[in-house]
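Report on the following structure.
For ligands, and for the atoms within them, numbers begin at 1 and follow the listed sequence. Computed from heavy atoms alone, side chains included, the values below leave out hydrogens, waters and symmetry copies. Only a predicted model underlies this, so the values are computations on that prediction, with no experimental measurement involved.
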Amino acid sequence: MLAYNFFRPLVNIEYVKVCDQKDKNCHVTNLPYQNSTLSTEERIADLLNRMTLAEKIGQMALVEKNSLGNLDDLAKYGLGAVLSGGGAKPEVNTPAGWQEMVNNFQSYSQKTRLSIPLLYGADANHGHGQVPGATIFPHFIGLGATNDPGLVHEVAKVTAAETAATGIYWIFSPNLDVVKDLRWGRTYETFGSDPQVVSKLGQAFIEGLQSYNKRGLTVAAGAKHYISNGSMVWGSSTNNDFFIDQGNSNISEAELRQIHLEPFRQAVNANVKSIMVGLNSWQGEKISASKYLISDILRGELGFTGLIFSDWYGVYEIERSKYNSLVRAINAGVDMIMLPYDYEDFVTYLQRAVANGDISQERINEATRRILTLKFELGLFDHPAIDSADLKIVGSKENRDLARRAVRKSLVLLKNNNAAVPISKNISKILVAGSAAHNLGKQAGGWTVEWQGIDGNWLPGTTILDGLKKSVSANVKVEYSLSGDFSAQNNLADVGIAVVGENPYAEGWGDNNNPSLSAEDLSAINNLKQKSKKIVVIIISGRPLNIKEYTKDWDAVIAAWLPGSEGQGVADVLFGDYPFTGTLPIDWDL
Ligand code: BGC
Ligand code: BGC
């Protein structure tokens, strides 16, 4: 890099302009806002003063990384934030690959006139789940079953550390939806149906995430989805492919406050740094258009001062006209728009809206100020590049041990006849069957590597079958058949363990009027039963399944939710090394 002194003031050199080549890719250094010894307020005041309207508007855009055809657009439009949506991974999907990708994006922001760092966001719903090699924790529904805020705090802290190690300091989590209809495909992303539990665990999660602090870099939580997603009505989805997700909740204001506002109140008390507005509607109006819910209640009543951002393309569903939609959302109080594509349009519309007086300069300044505040608080101005030494903690033994502990505590014993569990280790033969017994993709659920999850053992971890085998001595024979075909077995096994459940799904693709077991899994259980003295059924699912008509034939039934990469935790409890302590986060009609 060459340093040219283009703007040489008469007396003191106030700042230095740095360029890649003569007059190309220039940015400035040494300005007050770049001085880390000044207060955040002073730095923001200085920076805001220097920004053009176009630069402020750029800051308000949150773009999906796969929609950036040309990375130079980051600098051209001065884009404020980029996200990886579900499955939006780097070419080399490893922790190092993620770090390199984010560093690369960041390097473009450094080439802009004012070098404002980029905010990079991602979902880390159950650990940094998109990255093979990261620790994958139980999905929230399982954490809800633990009902253990201390544990949830630890899980969040490790999630922050693993995500930050790849250069991502903004996490679209926790999910604070209070689920009232288990047919919803996002049930497993919630802590359950009890507002008190969601509030308590949500607070613990936020505090855990935001307690991360390394070399002056911290992590921001993005609590979602404000508000009332859990009460949407079946059949009301505005998305043609879905039934309930992205739908309408018709509840009264009293109910909205009682059930759905409480977790957000706690989140604000816990100093959550950002809140995502949902794709749903309340009483027929899209939340992202509701000045009442956003400005009056969230800002005014709850006193939230952090960043409010919208969800995936949501604002454009307010009205047919994109211009009107943007005007309404921004005037309702949304500061940053998850576009996630079409940033050229966004810039044009917003400039026009300000010129027309439909959005005030003041409102743009306010939104920009919040975005910059977050970037300063995260430490991004002072440390835009990441340290590769941090990568070694991703998926470490210690982190996996924590996930294993979380799995143990999430298991709920739904039925136990004839003391079928715990299973003694002094037996001679165990038969194992079912589609989820040896499948890390299934046991990790949606939002794992891909948006809709994956099928099979494509990531480091321990399947439930592996865990069972490791728990017993070589004297105990453990035989496995996915379909439960044990016809060659002559003697009855001491116990048959079926691990069955749902295939991965995410969002509205998981909306299901009658979630139950597949014919294949039911047949595997029946086959297993023919060859076992007792039958233990472990359910891997994102929600309660309709299994009422079958359970009378089974000795024990265990809800294991979506445990993630550490299947050993299931065996730990099954063989009695640890007790069953999980409780139902949502009613299960058995
Ligand atoms: C989901 C959010 C998620 C976002 C980015 C949206 O479709 O509703 O929960 O954070 O995508 O992946
Ligand atoms: C993205 C998700 C997003 C979804 C919204 C997908 O393509 O990967 O992150 O939530 O679209 O529909």
Side-chain angles (χ1 to χ4, degrees), residues 61-68 81-89 98 102 119-131 139-141 159 163 168-179 184-191 198 202 205-206 209 219-230 232 237-247 249 263-264 267 272-281 286-288 307-317 329 334 336-341 445-453 504-511 542:
L62 172 52
V63 180
E64 217 270 341
K65 77 125 184 136
N66 286 341
S67 68
L68 274 164
V82 171
L83 83 141
S84 272
K89 47 189 172 292
W98 278 77
V102 180
L119 193 56
Y120 200 105
D123 298 288
N125 294 332
H126 55 332
H128 200 358
Q130 318 237 47
V131 192
H139 265 296
F140 269 24
I141 195 77
T159 300
T163 311
I168 299 174
Y169 302 95
W170 188 29
I171 299 179
F172 306 148
S173 194
N175 184 311
L176 299 180
D177 298 329
V178 180
V179 62
W184 184 28
R186 306 196 77 162
T187 299
Y188 70 82
E189 293 184 57
T190 76
F191 289 122
V198 175
F205 198 89
I206 290 163
L209 275 188
V219 162
K224 62 190 188 183
H225 307 81
Y226 187 78
I227 184 176
S228 80
N229 265 274
M232 292 175 300
S237 178
T238 51
N239 184 320
N240 289 336
D241 292 315
F242 303 164
F243 297 99
I244 186 165
D245 190 41
Q246 300 177 17
S249 51
F264 286 95
V272 68
K273 292 205 180 288
S274 71
I275 293 181
M276 185 194 292
V277 174
L279 296 170
N280 59 314
S281 308
K286 284 281 176 191
I287 310 284
S288 51
L307 177 73
I308 297 182
F309 62 114
S310 60
D311 195 1
W312 196 271
Y313 208 72
V315 295
Y316 291 131
E317 284 155 13
V334 179
M336 184 183 262
I337 312 287
M338 194 191 291
L339 295 165
Y341 8 81
W447 296 100
T448 308
V449 186
E450 298 294 342
W451 180 38
Q452 295 296 318
Y505 53 77
E507 302 189 36
W509 295 107
D511 290 350

Rounded distance (nearest 0.5 Å) linking atom CD1 of I244 with atom CH2 of W184: 8.0 Å
Heavy-atom closest pair (D245 atom, G508 atom, distance to 0.1 Å) is OD2-N, 3.1 Å
For ligand 1, the portion of R186 having any non-hydrogen atom under 4.0 Å away: side chain
For E507, is at least one N or O under 3.5 Å away from an N or O on ligand 1? yes
Any non-hydrogen atom of H225 lying under 4.0 Å from ligand 1? yes
A student checking ligand 1 against M276 at a 4.0 Å heavy-atom cut-off should list atoms 10 (O)
So, E64 versus W312: side-chain donor-acceptor pair below 3.5 Å or not? no
Give a yes-or-no answer on whether the side chains of W98 and Q130 include a donor-acceptor pair shorter than 3.5 Å. no
Contacting atoms of ligand 1, where contact means under 4.0 angstrom from a heavy atom of D311: 1 (C), 2 (C), 3 (C), 4 (C), 6 (C), 7 (O), 8 (O), 11 (O)
Within-shell test, E189 vs ligand 1, heavy atom, strictly < 4.0 Å: no
Aromatic ring centroids of Y316 and Y341 under 6.0 Å? no
How long is the gap from CD1 on I287 to CG on N280, to the nearest 0.5 Å? 4.5 Å
Taking both backbone and side-chain atoms of W312, is any N or O found less than 3.5 Å from an N or O belonging to ligand 1? no
Looking at T190, N175, N125, which hits side chain to side chain contact (heavy atoms under 4.5 Å, CB included) with F140? N175
Can you sort out which atoms of ligand 1 are near W447, meaning under 4.0 Å from one of its heavy atoms? 12 (O)
Which of the ligand 1 atoms, numbered from 1, are nearer than 4.0 Å to a heavy atom of K224: 2 (C), 3 (C), 9 (O), 10 (O)
Under a 4.0 angstrom heavy-atom cut-off, which atoms of ligand 1 come close to G85? 12 (O)
Does L83 reach ligand 1, in the sense of a heavy atom lying below 4.0 Å from it? yes
Drop me the distance from L279's CG to H225's NE2, to the nearest 0.5 angstrom. 7.0 Å
Proximal atoms of ligand 1 relative to F172 (non-hydrogen, under 4.0 Å): 10 (O)
